[in-house]
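Following: one structure in structure tokens, then a few remarks.
In what follows, every heavy atom counts, from backbone to side chain, and hydrogens, waters and symmetry copies are set aside. Letters go in sequence order (proteins before strands), and every chain restarts at 1.
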Amino acid sequence: MAGFALVDCNNFYASCERVFDPRLEGRPIVVLSNNDGCVIARSNEAKALGIDMGTPYHHCRDRLRRHRVHVFSSNYQLYGDMSRRVMDTLRTLAPDVEVYSIDEAFLGLDRVAFAAPAELAIALRARVRQWTGIPVSIGIGPTKTLAKLANRHAKKHVEAGVFDVAGLADRNAWLDRFDVEDVWGISKAWGGRLRALDIRSAGQLARADPRLVRVHLSVVAERIARELAGIPCHGLAEVTPPRKTILASRSFGRPVTCKTELGQAVASFAARACRKLRAQGSRAAAVQVFLTTNRFRVEEPQYANAMTVGLAVPSSDTRIVTAHALAALAHLYRPAFRYQKAGIMLLDIVPAESGQGHLFLPTDQTVSDRLMATVDRLNARMGADTVFLAAEGVAKGWSMRAEHRSPRYTTQWTELLRVAA
DNA sequence: TCTGGGGTCCTAGGACCC
DNA sequence: TCTGGGGTCCTAGGACCC
């Protein structure tokens, strides 16, 4: 049984909030981006009210209030943990799972113990719902791109939430019902260029000459066309390769002008990035620091800049990375600007064990590695920010806004769900 | 007052080498 | 008037995704 299934959690963030507060069932919900900036998730009821994805919160706040929409700040500790539970549940019935995003997974169908893919899908859907409380939709097809499209169909048009392309009598006619922009990987911009070639529907793209698509767009688009035609160009990527870049950045809850506060923010980002770096068993050989004013405030003076510094020896030591990041910040900082965002990116990432030494510097990292491992263990066990560098500061007046965050029910001892008070 | 964060891949062009 | 050819590596920018 070849092919792929795409499992996609329905309105994932909104569904996570509902799991822990069933009163929200049937009520409109939106979830905001970091810093309570934009709407990034909506329940079906909120979609029906015409709340668009990506709308700035301050543009729709009054409408949300009028319609009694329940508003949540992003709660990534909760969503990340719920995601892990969903993925673990999928693995109980499907041995080959590629976690594609926080709310999506591709399954390989070669080794599953069901007569038909749709039977597996129905069983999975029921089990995920029962074990985690999260509703999912499942699309099945001979390529990832077709499974994606099948998922879209399942979510919109199938009560059971499962759809298999193989059951179609006329796949071309089915594909013709989708706009070309509905296809995974075809954005609005590419859709426009395809329309100029008179390719308007998914079906037309599937039937187009892939070489023509390559000439006018790119090899990436060519693969999409081939996949739509049923020719697999992408396999299942079960093991996630280590990240090649690691980014940690945030918008500030209010404009920041003070160099000390910027330094504390950058130190906090460095700590987060280094934790991710160590978690995947890597070291970084370069650090980039960037900062920017608020580009939406056109009446204010604007400044954005970035600087990359190399490390003598690849490191995952928060102290070393922070020191380099702060040195870069000192070069970048200009007084008299109102900064809105800063961040750091770790680059030139290498496996920790294959670290090349330094000709003249001592490179025994045992002490550093043990210290960092201890810090990570403490923070994992006792809660984030139990131990941190003083450079991060403690007041954190620049922290992002999160005025509507629900409790972190599953990851913080102090925020467990209260059944009776 | 208020507009997210975190990734990947591909391509073009310049630097540099023989 | 004439001024090689072919390759690799790096980087910036642009495209896409959730």
Side-chain angles (χ1 to χ4, degrees), chain A residues 6-9 11-13 30-41 52-62 64-65 71-76 79-80 83 98-106 144-145 148 151-152 180-194 213-224 227 233-234 237 240-255 269 272-273 276-277 280 286 288 290 292-300 306 308 310 338 340-349 399-404:
Chain A
L6 177 70
V7 182
D8 190 318
C9 301
N11 315 324
F12 181 53
Y13 299 168
V30 302
V31 179
L32 303 176
S33 63
N34 276 323
N35 218 26
D36 293 347
C38 301
V39 172
I40 55 163
D52 287 332
M53 185 78 166
T55 309
Y57 180 40
H58 69 270
H59 286 175
C60 59
R61 175 178 290 174
D62 290 340
L64 294 174
R65 195 172 291 155
V71 175
F72 291 92
S73 303
S74 286
N75 186 347
Y76 283 105
Y79 310 151
S83 171
E98 171 188 342
V99 177
Y100 176 68
S101 74
I102 194 166
D103 70 336
E104 279 175 72
F106 285 103
K144 284 178 156 182
T145 304
K148 251 321 221 190
N151 185 284
R152 189 185 174 91
V180 74
E181 288 94 346
D182 293 341
V183 176
W184 184 38
I186 303 296
S187 67
K188 229 175 164 178
W190 280 12
R193 283 160 69 179
L194 287 170
V213 175
R214 180 177 194 148
V215 169
H216 285 91
L217 282 93
S218 72
V219 63
V220 178
E222 177 192 5
R223 286 185 200 129
I224 293 169
E227 284 237 321
C233 300
H234 302 287
T240 21
R243 304 264 170 246
K244 298 170 183 174
T245 60
I246 291 176
L247 180 76
S249 85
R250 283 284 180 278
S251 296
F252 302 132
R254 56 165 168 75
F269 303 147
R272 204 163 66 229
K276 291 190 211 169
L277 184 67
Q280 68 166 30
Q288 182 178 79
F290 60 89
T292 176
T293 50
N294 189 339
R295 67 185 198 280
F296 293 105
R297 307 211 47 139
V298 286
E299 72 285 2
E300 289 187 6
T308 307
R338 286 154 59 82
Q340 179 249 345
K341 178 178 178 172
I344 91 162
M345 199 186 300
L346 303 179
L347 312 159
D348 296 352
I349 290 175
S399 294
M400 69 174 185
R401 282 183 300 277
E403 292 170 7
H404 309 284

Inset, instruction - Output, in order, the C-alpha distance, side-chain angles, deciding distance and verdict of side chain to side chain contact (heavy atoms under 4.5 Å, CB included) for Asp103(A) and Tyr79(A). - result: CA-CA 9 Å; Asp103(A) 70 336; Tyr79(A) 310 151; over 6 Å; no

Legend entry - Lys341(A) side-chain N/O to dT3(B) phosphate OP1/OP2 under 4.0 Å: no

Legend entry - Ser33(A) (side chain) donor-acceptor with Cys38(A) (main chain) under 3.5 angstrom: yes

Inset, instruction - Nearest whole angstrom, please: distance from the C1' of dA15(C) to the CD of Glu181(A). - result: 15 Å

Legend entry - d(CE, Met53(A); P, dC17(C)) in whole Å: 12 Å

Inset, instruction - Would you kindly compare Ala248(A) and Gly37(A) by the position of their nearest DNA chain B nucleotide and give the one closer to the 5′ end? - result: Gly37(A)

Inset, instruction - Select from Ser33(A) and Arg243(A) the residue whose nearest nucleotide in DNA chain B is closer to the 5' end of that strand. - result: Ser33(A)

Legend entry - Heavy-atom side-chain proximity of Lys144(A) to Glu227(A) below 4.5 angstrom: yes

Inset, instruction - List the steps, then state whether side chain to side chain contact (heavy atoms under 4.5 Å, CB included) holds for Thr293(A) with Arg338(A). - result: CA-CA 6 Å; Thr293(A) 50; Arg338(A) 286 154 59 82; 5.5 Å; no

Legend entry - Cation over ring face, Arg61(A) and Tyr57(A), 6.0 Å, 45°: yes

Inset, instruction - Without swapping roles, check the side chain of Lys276(A) against the backbone of Leu247(A) for a donor-acceptor pair under 3.5 Å. - result: yes

Inset, instruction - Give one of base, sugar-phosphate or nothing for Thr245(A), where a contact means two heavy atoms less than 4.0 Å apart. - result: sugar-phosphate

Inset, instruction - Give Asp36(A) one of three labels, base, sugar-phosphate or nothing, depending on what nucleic acid heavy atoms sit under 4.0 Å from its own. - result: nothing

Inset, instruction - Report the C-alpha distance between Asp36(A) and His404(A) in whole Å, list the side-chain angles of each, state the deciding distance to 0.1 Å, and finish with yes or no for side chain to side chain contact (heavy atoms under 4.5 Å, CB included). - result: CA-CA 8 Å; Asp36(A) 293 347; His404(A) 309 284; 4.1 Å; yes

Inset, instruction - Name the closest nucleotide to the Cys38(A) side chain, picking from dG6(B), dT3(B), dC17(C). - result: dT3(B)

Inset, instruction - Classify the nucleic acid contact of Lys276(A) as base, sugar-phosphate or nothing, counting any heavy atom under 4.0 Å across all strands shown. - result: sugar-phosphate

Inset, instruction - For dG5(B), take OP1 and OP2 only and decide whether either is under 4.0 Å from a side-chain N or O of Ser251(A). - result: yes

Legend entry - Nearest-Å distance for atom pair CD/P, residues Glu300(A) and dT3(B): 11 Å

Inset, instruction - Select base, sugar-phosphate, or nothing to describe what Phe296(A) touches, counting heavy atoms under 4.0 Å on all strands. - result: base

Legend entry - Lys148(A) side-chain N/O to dC18(C) phosphate OP1/OP2 under 4.0 Å: yes

Inset, instruction - List the protein contact pattern of nucleotides 7-13 of chain C with one symbol per nucleotide (5' to 3'): B for base contact, S for sugar-phosphate-only contact, - for none; contact means a heavy-atom distance under 4.0 Å. - result: -------

Inset, instruction - Go through dA15(C), dG4(B), dT3(B) for me and flag the one nearest to the Asn294(A) side chain. - result: dT3(B)

Legend entry - Spacing between His58(A) atom NE2 and dG4(B) atom P, to the nearest angstrom: 10 Å

Legend entry - Phosphate contact (dG6(B) OP1 or OP2) by Arg250(A) side-chain N/O below 4.0 Å: yes

Inset, instruction - For Ile186(A), report the nucleic acid contact type (base, sugar-phosphate, nothing); a contact means any heavy atom under 4.0 Å. - result: sugar-phosphate

Legend entry - Separation of atom CD1 in Ile246(A) from atom C1' in dG5(B), rounded to whole Å: 14 Å

Inset, instruction - Under 3.5 Å for both distances, Watson-Crick or G-U wobble, that's the pair rule; now give the dot-bracket for DNA chain C, with | marking pairs to another strand and [ ] for crossing ones. - result: ....||||||||||||||

Inset, instruction - Rounded off to whole Å, could you give me the NE2-to-P distance for the His234(A) and dC17(C) pair? - result: 12 Å

Inset, instruction - Ignoring backbone atoms, establish whether Arg297(A) has a side-chain N or O less than 4.0 Å from OP1 or OP2 of dC2(B). - result: yes

Legend entry - Interatomic distance, Arg295(A) CZ vs dC2(B) P [rounded to whole Å]: 14 Å

Legend entry - Nucleotide nearest Pro56(A) when distance is taken to its side chain, options dT3(B), dC18(C), dA15(C): dT3(B)

Inset, instruction - Let me know the distance between CZ of Arg214(A) and P of dA15(C), rounded to the nearest Å. - result: 19 Å

Inset, instruction - Over 60° means perpendicular and under 30° means parallel, so classify the ring planes of Phe252(A) and Phe269(A), tilted if in between. - result: parallel

Legend entry - From CD (Gln340(A)) to CZ (Phe296(A)), nearest 0.5 Å: 8.0 Å

Legend entry - Thr145(A) side chain vs Ile224(A) backbone, donor-acceptor pair below 3.5 Å: no

Inset, instruction - May I ask you to decide if Val220(A)'s main-chain N or O and Ser218(A)'s side chain share a donor-acceptor pair within less than 3.5 Å? - result: yes

